[in-house]
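Below, read A as the first sequence line, B as the second, and so on, with proteins coming before strands; counting in each chain starts at 1.
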There are 2 protein chains.
Amino acid sequence: MEYLEAKEKFISTWGSLGSLWGINKAMAQIQALLFISTKPLSMEDIMEELKISRGNTSMNLRQLMDWGIVTKVLVSGERKEFFTTEKDVQELARIVAKERSRREIRPVIKVLEDVSSIKDDGTEKSKELIKQTKALHQLTLDLDTLMNKMVNQKQNWLTKSVLKLMK
Amino acid sequence: MEYLEAKEKFISTWGSLGSLWGINKAMAQIQALLFISTKPLSMEDIMEELKISRGNTSMNLRQLMDWGIVTKVLVSGERKEFFTTEKDVQELARIVAKERSRREIRPVIKVLEDVSSIKDDGTEKSKELIKQTKALHQLTLDLDTLMNKMVNQKQNWLTKSVLKLMK
DNA sequence: TTAAACTTTCAGTAATTATTGAAAGTTTAT
DNA sequence: ATAAACTTTCAATAATTACTGAAAGTTTAA
């Protein structure tokens, strides 16, 4: 496989994978492109490389900045804006984990909490609803806590976690 | 909040959450409904409760069975088929983790492996592509391993994992 | 073996989500 | 103050994904 083929394969795979980590295709592809680029890219560069419109590029770059994954950089002597992404994979994973926890997991925990605390009217179906949503609430809470613990070990969190779990 | 409201809130939240764990809305809602039901439900029951068509119900039940989350049960004296879901949340999480690893993570690992092993032609951009995709490959591999380790502790895997990581 | 009871399939359609492109907005240099 | 260089917004449209419903398929009982 040559450079160009590898690059395209990476970008397209990463793009279609977006859904797995909760972002859309274009957003994931922009991130992928920046991730393997040796220098910051302008909006023009991105549009051209990915063959997407200016509007699309602008909106998705904004979202990536909201996530804290991409940042603007000033290139001296240039008027237009340039963008880079976090290059360290572990830091990237930390950011994604934190954002997904904040955006998706916490709100669900809240709903499960509410639903599982309806008053027990003595019927079998109420009991079942309470029991099952309580269990789900606890599980979600535990998983969220666990994820945050891992990710907060900051340096080499993955290695540390793997080691601990191997014991 | 009364039973009916709680039930509807749970089903709709769980449904829209489907995307988070990689399945579609109807599929997640069917699972949610079975999850809080005190007894197995027939296709009619599901169609009626969720107000979805027969075809939709049939297809999504099939998928849930493919995932190993839902099973057919025979109710004596009844001709039609009835369905239940795994009721234990930890077991449910184990199944979901295993399936997502198999369906989504492993294929990505394979692509990253291929892309990161193109030959180094000495150019800066090739070096960067190789370096970054190697890092991503390693991270993905580690996370997948970690997840499988946790989940394979079978009994009380979550508690055990939390304890280990707290040390 | 037939027909009623039930399930599956899938072409057509609906709903949702992503993308475009051009107009409006902003910034910077002169 | 003006205009060139650039970015953002958003209504219109395209692409994708999910859902329906009826016909075809299957199983069971008599």
Side-chain angles (χ1 to χ4, degrees), chain A residues 11-34 40-67 70-85 103-104, chain B residues 11-34 40-67 70-85 103-104:
Chain A
I11 291 174
S12 93
T13 305
W14 207 238
S16 53
L17 196 73
S19 58
L20 203 149
W21 50 293
I23 66 177
N24 76 27
K25 198 179 91 184
M27 202 173 147
Q29 289 190 342
I30 293 172
Q31 199 277 326
L33 178 63
L34 292 172
L41 302 180
S42 69
M43 228 165 78
E44 294 289 341
D45 295 335
I46 295 169
M47 286 166 59
E48 192 175 312
E49 286 263 18
L50 302 179
K51 310 246 173 303
I52 59 177
S53 72
R54 188 173 296 282
N56 201 4
T57 309
S58 171
M59 287 191 315
N60 285 109
L61 274 172
R62 166 112 83 94
Q63 282 212 73
L64 283 164
M65 289 188 285
D66 284 350
W67 272 71
V70 161
T71 44
K72 279 186 189 166
V73 296
L74 290 166
V75 172
S76 59
E78 290 273 11
R79 185 147 151 194
K80 62 179 158 232
E81 298 172 324
F82 287 77
F83 303 88
T84 5
T85 187
R103 291 166 195 247
E104 293 164 302
Chain B
I11 291 174
S12 93
T13 305
W14 206 239
S16 55
L17 197 73
S19 60
L20 205 149
W21 51 293
I23 66 176
N24 76 26
K25 197 179 90 185
M27 203 171 146
Q29 289 191 341
I30 293 172
Q31 200 277 326
L33 178 63
L34 292 172
L41 301 179
S42 68
M43 229 165 78
E44 294 289 342
D45 295 336
I46 297 170
M47 286 166 59
E48 192 174 311
E49 286 264 18
L50 302 179
K51 311 248 173 300
I52 59 178
S53 71
R54 189 172 296 283
N56 200 5
T57 309
S58 171
M59 288 190 316
N60 285 110
L61 275 173
R62 166 110 83 92
Q63 282 210 73
L64 284 164
M65 289 188 283
D66 285 350
W67 272 71
V70 162
T71 45
K72 278 186 191 167
V73 296
L74 291 164
V75 173
S76 59
E78 288 273 11
R79 184 146 152 194
K80 58 179 161 236
E81 297 171 325
F82 287 78
F83 303 89
T84 5
T85 188
R103 291 166 196 247
E104 295 165 300

| message | Rounded to whole Å, how long is the line connecting atom CZ of B:R62 with atom P of D:dC19? | response | 16 Å
| Should we count CZ of B:R103 as having more than 12 external heavy atoms under 6.0 Å? | yes
| query | Is the shortest heavy-atom distance from the side chain of A:W14 to the side chain of A:I11 under 4.5 Å? | reply | no
| task | Drop me the distance from B:K72's NZ to B:F82's CZ, to the nearest 0.5 angstrom. | result | 13.0 Å
| Starting at CD of A:Q29 and ending at P of C:dA18, how long is that distance when rounded to a whole Å? | 13 Å
| said: Quick check on DNA chain C: between B:M43 and A:M27, whose nearest nucleotide comes earlier from the 5' end? | reply: B:M43
| field | For B:E48, all residues meeting salt bridge (charged side-chain N to carboxylate O under 4.0 Å, His left out), sequence neighbours excluded | value | none
Polar atom pairs (N or O), protein with nucleotides 28-30 of chain D, under 3.5 Å:
from, atom 1, to, atom 2, distance (Å)
D:dT28, O2, B:R79, NH2, 3.4

| Hey, is the main chain of B:S42 close enough, under 3.5 Å, to the side chain of B:D45 for a donor-acceptor pair? | yes
Anything under 3.5 Å between a donor and an acceptor, one on a side chain of residues 22-30 of chain B, the other on a protein residue two or more places apart or in another chain? List them.
from, atom 1, to, atom 2, distance (Å)
B:N24, OD1, B:A26, N, 3.3
B:N24, OD1, B:M27, N, 2.9
B:N24, OD1, B:N60, ND2, 3.3

| query | Can you tell me how far P of D:dA18 sits from CD1 of B:I23, to the nearest Å? | reply | 11 Å
| query | Could you state the interatomic distance from OG1 (B:T85) to CG (B:L33), rounded to the nearest 0.5 Å? | reply | 10.5 Å
| For DNA chain C, what residues of residues 46-58 of chain B have any heavy atom nearer than 4.0 Å? | B:R54, B:G55, B:S58
| Where the side chain of A:M59 is defined as all heavy atoms beyond and including C-beta, which of C:dC6, C:dT8, C:dT19 is the nearest nucleotide? | C:dT19
| field | Distance, rounded to the nearest Å, where A:E44 contributes CD and C:dG21 contributes P | value | 14 Å
| task | Any chance you could measure A:R54, atom CZ, to A:M43, atom CE, to the nearest 0.5 Å? | result | 4.5 Å
| query | A:E78 CD to D:dC6 P: how many Å, rounded? | reply | 8 Å
| request: Please report, rounded to the nearest Å, how far the P atom of C:dT19 is from the CD atom of A:Q63. | output: 11 Å
Between the protein and nucleotides 15-17 of chain C, list every N/O to N/O distance that falls short of 3.5 Å.
none

| query | If you round to the nearest 0.5 Å, how far is OG1 of A:T57 from CG of A:L41? | reply | 11.5 Å
| request: Could you grab the distance from atom CG of A:L34 to atom CD of A:E49, nearest 0.5 Å is fine? | output: 10.0 Å
| request: Would you give the length of the straight line joining atom CG of A:L61 to atom CE of A:M59, rounded to the nearest 0.5 angstrom? | output: 11.0 Å
| task | Grab the CZ-P distance between A:F82 and D:dC6 for me, whole Å please. | result | 9 Å
Identify each atom pair where a protein N or O and an N or O of nucleotides 24-26 of chain D are less than 3.5 Å apart, giving names and distance.
none

| field | Whole-Å distance separating the CD1 atom of A:I30 from the P atom of D:dT7 | value | 13 Å
